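Let me begin by presenting the structure, written as structure tokens, before commenting on it.
Chain letters run A, B, ... following the sequence lines, proteins first, then strands; residues in each count from 1. Just so you know, these numbers come straight off a predicted model, no measurement behind them.
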Protein chains: 2
Amino acid sequence: MTPTAKSTPVLRVDKVSDARLRDLVGYQMKRAFNVVQADLIRTLKPFELRMLTYTALVLIADNPGLRQSQLADAMDIERPNLVVIIDELERRALINRDRVASDRRAFALMATLAGTHLAAAASKAVARHEHRLLGAMDQDTRETVIAAMTQIQQGQHGGTK
Amino acid sequence: MTPTAKSTPVLRVDKVSDARLRDLVGYQMKRAFNVVQADLIRTLKPFELRMLTYTALVLIADNPGLRQSQLADAMDIERPNLVVIIDELERRALINRDRVASDRRAFALMATLAGTHLAAAASKAVARHEHRLLGAMDQDTRETVIAAMTQIQQGQHGGTK
DNA sequence: TATTGTTATACTCTATAACTATA
DNA sequence: TATAGTTATAGAGTATAACAATA
């Protein structure tokens, strides 16, 4: 009972061809980013951080006095989406949210001691995660990739720089 | 009244420093991918396609007889998440879902004529979108980036190739 | 009027467990 | 028992409109 593909209207596909997609930078970026993201989630889990809470915490720790609107800009996310992130970091006492005296609409963000320490510990784990995923990639290639990613982002704002 | 950092609890941040993040490939990939994704969404909107429905449609069109499980593997998504995508494409009569005679658990996927045409039209728009975003990037760099993205994906499965 | 932060909401993508029908 | 597809569900990221308080 050897089934020949001949007469059957549907063929068994042995190897899936992605010829129309494989040369798209966006397609490969998405697939690679999924891999990176999955590993980063595992990396940050012990710290009870996610990509966005980690990024926000580090930026706050490194930029004391930062306002939420500045942070949202820096993180390239919408203001409403930042609120829950800040809420979470504040609830865990990793940051403080202080009213700015000179502009009482705004909040100034500061990492607490606990937040500073957590950011440092998580950053070490993230560095190991990068090395794990990219250790085989030589430094030249890595720099080329980062430059390319930066270029894509800049194209967004119309600048060729 | 020059405010020295000393006594003031909160400082105004003029320029946000991302020193701890900017050299992370994952960080730059995320930001660049957000830009690409936003533009791709706009690109596919006229065709009423999204990233995943576009990818699925092209892969089905180029691999007639494909099974859902093969497609899920090729797209690197979980089977349950593919179902709604296939449902949508079938509802729009862009693909057919036929029972495989030799294995009645499986479905063989085939693009309809309409699906084939939509995939072709959308692919042209996607090519323009890539050119718009990456036109300024020279071919060498583009190939290096794609190779790097592929390498990251392969690292996932433990193979160094 | 414009801006800061907020609430509410919706859509998309991702991930897991549990089910069915077939093998 | 294992596999193909399905259902249900939950978590996370992204985006927009509308609002209060303040500038």
**Message:** Is the phosphate of D/dT14 approached by B/Asn34 (side-chain N or O, under 4.0 Å from OP1 or OP2)?
**Reply:** yes
**Prompt:** 5'-most contact on DNA chain D: B/Val83 or A/Gln37, nearest heavy atom basis?
**Reply:** B/Val83
**Request:** Ignoring hydrogens and angles, state whether a donor on the side chain of A/Thr53 or A/Arg92 is under 3.5 Å from an acceptor on the partner side chain.
**Result:** no
**Prompt:** Tell me: CD1 of B/Ile41 to C1' of D/dT16, nearest whole Å?
**Reply:** 13 Å
**Complete:** B/Phe33 atom CZ is separated from C/dT12 atom C1', nearest whole Å, by 12 Å
**Request:** State which residue, out of B/Val36, B/Thr43, B/Ile41, fulfils the side chain to side chain contact (heavy atoms under 4.5 Å, CB included) condition with B/Asp39.
**Result:** B/Thr43
**Prompt:** When we call it a touch if two heavy atoms are under 4.0 Å apart, what does A/Ile86 touch: a base, just sugar-phosphate, or nothing?
**Reply:** nothing
**Message:** Between B/Ser69 and D/dT3, is there a contact of a side-chain N or O with OP1 or OP2 at under 4.0 Å?
**Reply:** no
**Prompt:** Expressed in angstrom and rounded to an integer, what is the separation of A/Leu82 atom CG from D/dA15 atom P?
**Reply:** 14 Å
**Request:** Please confirm whether any donor atom in the side chain of B/Arg50 sits under 3.5 Å from an acceptor in the base of C/dT12, or the reverse.
**Result:** no
**Request:** Apply the salt bridge (charged side-chain N to carboxylate O under 4.0 Å, His left out) test between B/Asp62 and each candidate in A/Arg22, A/Lys15, A/Arg20; give the one that qualifies.
**Result:** A/Arg20
**Request:** Map A/Pro80 and A/Ala106 onto DNA chain C by nearest heavy atom, then report which one ends up closer to the 5' terminus.
**Result:** A/Ala106
**Prompt:** Given atom CG of A/Asn81 and atom P of C/dG5, what is their separation to the nearest angstrom?
**Reply:** 14 Å
**Message:** For D/dT6 and B/Arg97 - does any side-chain N or O of the residue sit under 4.0 Å from the phosphate oxygens OP1/OP2?
**Reply:** yes
**Message:** Over all strands shown, is B/Glu78 touching base, sugar-phosphate only, or nothing at heavy-atom distances under 4.0 angstrom?
**Reply:** base
**Fill in**
Here the distance between atom P of D/dG13 and atom CG of A/Leu49, to the nearest Å, is 11 Å
**Asked** D/dA23, D/dT6, C/dG5: which one has an atom nearest the side-chain heavy atoms of A/Arg105?
**Response** D/dA23
**Request:** Could you check how far CD of B/Gln68 sits from C1' of C/dT20, rounded to whole Å?
**Result:** 14 Å
**Asked** Do A/Arg67's NZ or CZ and the ring of A/Phe107 fall within the cation-pi criteria of under 6.0 Å and 45°?
**Response** no
**Asked** If you check every side-chain atom of A/Lys30, which of C/dT14, C/dT16, C/dT4 has the closest atom?
**Response** C/dT14
**Request:** Using atom CE of A/Met51 as one end and atom P of C/dC13 as the other, report the distance to the nearest whole Å.
**Result:** 17 Å
**Item:** side chain to side chain donor-acceptor pair (under 3.5 Å) partners for B/Glu143, two or more places apart
**Value:** B/Gln139
**Fill in**
B/Ile77 atom CD1 is separated from C/dA15 atom P, nearest whole Å, by 10 Å
**Message:** At less than 4.0 Å, is any side-chain N or O atom of A/Arg104 found next to OP1 or OP2 of C/dT3? Yes or no.
**Reply:** no
